[in-house]
Enquirer: 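This is the structure, below, for whatever I ask next.
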2 protein chains.
Amino acid sequence: MRGGQQKSTADAHDVPAPSAGAQDVQLGPLANFIGFHLRLAQDASFRAFARHTGVKGIQPGRFAALMVLHKNPGITLGELGRAIARDKSTVTPLIQDFKRRGLIERRPSKSDRRRVHLSLTDAGESLLRDLLHHAKVHDRVLDTLVGGKKAEFIRLLRKIYDGLG
Amino acid sequence: MRGGQQKSTADAHDVPAPSAGAQDVQLGPLANFIGFHLRLAQDASFRAFARHTGVKGIQPGRFAALMVLHKNPGITLGELGRAIARDKSTVTPLIQDFKRRGLIERRPSKSDRRRVHLSLTDAGESLLRDLLHHAKVHDRVLDTLVGGKKAEFIRLLRKIYDGLG
DNA sequence: TATTGTTATACTCTATAACTATA
DNA sequence: TATAGTTATAGAGTATAACAATA
């Protein structure tokens, strides 16, 4: 949360864990709000993921973008933005950064010269594979925490973002 | 979430909904990652909440801080930071903003003159009640989406942030 | 020496608006 | 007129480090 996010937490002191030291703090109605717990869980998940991959300077949002590029070679900037729910003006600098790092190729469309088709380079694919490994390790921890309820849990999460969209 | 969030979305054009227009986009392993869905759900929830309360310039993080202040009058800045999992240097400007808006009172501790005890003013309590109303409306939507699985769902979210902390 | 809170600073993510070039 | 992408700019949220006051 994507928010707002934070700097590289990979080598940071020790970022306070959500709810750490909050034992003696009263939460009131908050404790019964799905949105509140959703925020804490996402925050924790983000930080944990960043501990794995932050070293590479790639955070969850970037990772998702790379994955979309991998699975949809030739996608345009606008399509990518819609896929990851970000404005095109947010996607442009992201793409520029990827380009600067040699992770993607830009191929101008022949049929519509306004468009640019994007795809991962070998370096991009390689980095993605590496990130995927870390992401799997990370998500295995989440899997363990969620236990046998994973399918149900994802179904509910999906209902939330489909329902609120 | 993380991290970084966005500007007041209350009166914005129409913020792209997560996964909107992503129908034809392939997600690959992402589709099976809890962390990915968690991020989308939190993003959607955040935006929906901001649609309700963004007008007041209060977003989920602020709301949570106000609630903690309400339920724990006299709490210190550091304690508040630990409760909402944010560094003290993040909390200071937050508190200053609350103060500027007349939402809180600062009472220097007698026993330890480094500390400052914080509590909501009448205006702060009033705003909180108002926000609480909006939050309830918002969370009722989430409740509906999640259906009878709410307790289980919150339990899993809590396991995630407790387990990753 | 250690802790509380402030300040200075910097970085990431995000968006709106205005623009260029195409269509 | 409408759309794809860029640029300029701004704001929110976050953190690290250095600091002053106090313990």
Side-chain angles (χ1 to χ4, degrees), chain A residues 1-16 18 21 39 42-43 46-47 50 54 57-65 75-82 84-97 99 106-118, chain B residues 1-16 18 21 39 42-43 46-47 50 54 57-65 75-82 84-97 99 106-118:
Chain A
M1 184 113 238
R2 292 159 44 216
Q5 314 299 42
Q6 69 281 325
K7 287 172 66 176
S8 67
T9 50
D11 48 357
H13 297 182
D14 236 333
V15 178
R39 179 161 166 274
Q42 207 276 325
D43 195 42
F46 178 90
R47 290 175 199 259
I58 297 289
Q59 290 171 348
R62 301 287 179 105
F63 172 59
I75 196 175
T76 66
L77 189 147
E79 286 164 355
L80 173 59
R82 283 186 289 277
I84 61 175
R86 296 294 173 258
D87 190 85
K88 54 189 175 147
S89 68
T90 302
V91 178
T92 294
L94 179 73
I95 288 303
Q96 288 171 336
D97 181 56
K99 176 67 180 170
R106 299 171 46 111
R107 182 169 50 78
S109 168
K110 289 288 185 181
S111 57
D112 182 343
R113 282 149 62 204
R114 293 171 303 181
R115 291 162 176 256
V116 186
H117 296 291
L118 308 168
Chain B
M1 190 196 266
R2 198 162 310 73
Q5 316 295 43
Q6 70 280 329
K7 285 172 67 176
S8 67
T9 51
D11 48 357
H13 296 183
D14 234 333
V15 178
R39 179 161 165 273
Q42 206 276 325
D43 195 43
F46 178 91
R47 290 175 199 260
I58 296 289
Q59 290 170 347
R62 301 286 178 108
F63 172 59
I75 197 175
T76 65
L77 189 147
E79 286 163 355
L80 173 59
R82 283 185 289 277
I84 61 176
R86 295 294 173 258
D87 190 85
K88 54 190 174 146
S89 68
T90 301
V91 178
T92 294
L94 179 72
I95 288 303
Q96 288 171 337
D97 182 55
K99 176 67 182 171
R106 297 171 46 112
R107 182 169 50 77
S109 168
K110 289 288 185 181
S111 56
D112 182 341
R113 283 149 62 204
R114 292 172 305 182
R115 292 164 174 252
V116 186
H117 296 291
L118 308 169

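Computed from a predicted structure; not experimentally measured. Lettering follows sequence order; numbering is per chain, from 1.
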Enquirer: For Arg113(A) and dA2(D), what is the distance between atoms CZ and P respectively, to the nearest whole Å?
Expert: 22 Å
Enquirer: Which whole-number value in Å describes the distance from Leu77(B) CG to dT6(C) C1'?
Expert: 9 Å
Enquirer: Select base, sugar-phosphate, or nothing to describe what Val91(B) touches, counting heavy atoms under 4.0 Å on all strands.
Expert: nothing
Enquirer: Begin with the C-alpha distance, continue with both residues' side-chain angles, and end with the deciding distance and a verdict on salt bridge (charged side-chain N to carboxylate O under 4.0 Å, His left out) for Arg39(A) and Asp43(A).
Expert: CA-CA 6 Å; Arg39(A) 179 161 166 274; Asp43(A) 195 42; over 6 Å; no
Enquirer: Identify, between Ser111(A) and Lys88(A), the residue whose nearest nucleotide on DNA chain C lies closer to the 5' end.
Expert: Lys88(A)
Enquirer: Report the distance from atom CZ of Arg82(B) to atom C1' of dG5(C), rounded to the nearest whole Å.
Expert: 12 Å
Enquirer: Distance from Ile75(A) atom CD1 to His117(A) atom NE2, nearest 0.5 Å?
Expert: 11.0 Å
Enquirer: Quick one: label Thr76(A) by what it contacts on the DNA or RNA (base, sugar-phosphate, nothing), any heavy atom closer than 4.0 Å.
Expert: sugar-phosphate
Enquirer: Could you tell me the separation between the CD atom of Glu79(B) and the P atom of dG5(C), rounded to a whole number of Å?
Expert: 8 Å
Enquirer: Just compare dA15(D), dT14(C), dG5(D) and give me whichever is closest to any side-chain atom of Thr90(B).
Expert: dA15(D)
Enquirer: Can you tell me if the side-chain N/O atoms of Thr92(A) get under 4.0 Å from OP1 or OP2 in dG5(D)?
Expert: no
Enquirer: Between Asp97(A) (CG) and dC11(C) (C1'), how many Å, whole number?
Expert: 13 Å
Enquirer: Counting only distance, no hydrogens or angles, is the base of dT3(D) paired donor-acceptor with the side chain of Arg114(A) under 3.5 Å?
Expert: yes
Enquirer: Please state how far atom CG in Asp87(B) lies from atom P in dT7(C), giving the value in whole angstrom units.
Expert: 15 Å
Enquirer: Roughly, in whole Å, what's the span from CZ in Arg115(B) to C1' in dT6(C)?
Expert: 16 Å
Enquirer: Using whole Å, report how far CG of Leu94(B) lies from P of dT7(C).
Expert: 15 Å
Enquirer: When the nearest nucleotide of DNA chain D is assigned to Asp112(A) and to Gln96(A) on a heavy-atom basis, which residue is associated with the more 5' position?
Expert: Asp112(A)
Enquirer: Please compare Pro93(A) and Ile95(B) by the position of their nearest nucleotide in DNA chain C and report the one closer to 5'.
Expert: Ile95(B)
Enquirer: Could you report the tightest heavy-atom contact between Gly81(A) and Val91(A), atom names first, then the distance?
Expert: CA-CG2, 3.6 Å
Enquirer: Under 4.0 Å from OP1 or OP2 of dA15(D): is there any side-chain N or O of Arg47(A) that close?
Expert: yes
Enquirer: Classify the side chain of Ser89(A) versus the base of dT16(C) as yes if they form a donor-acceptor pair under 3.5 Å and no if they do not.
Expert: yes
Enquirer: What heavy-atom pair brings Leu80(B) and Ala65(B) nearest, and what distance separates the two atoms?
Expert: CD1-O, 4.1 Å
Enquirer: Test side chain to side chain contact (heavy atoms under 4.5 Å, CB included) on Leu118(B) and Arg106(B) and set out the steps.
Expert: CA-CA 5 Å; Leu118(B) 308 169; Arg106(B) 297 171 46 112; 3.9 Å; yes
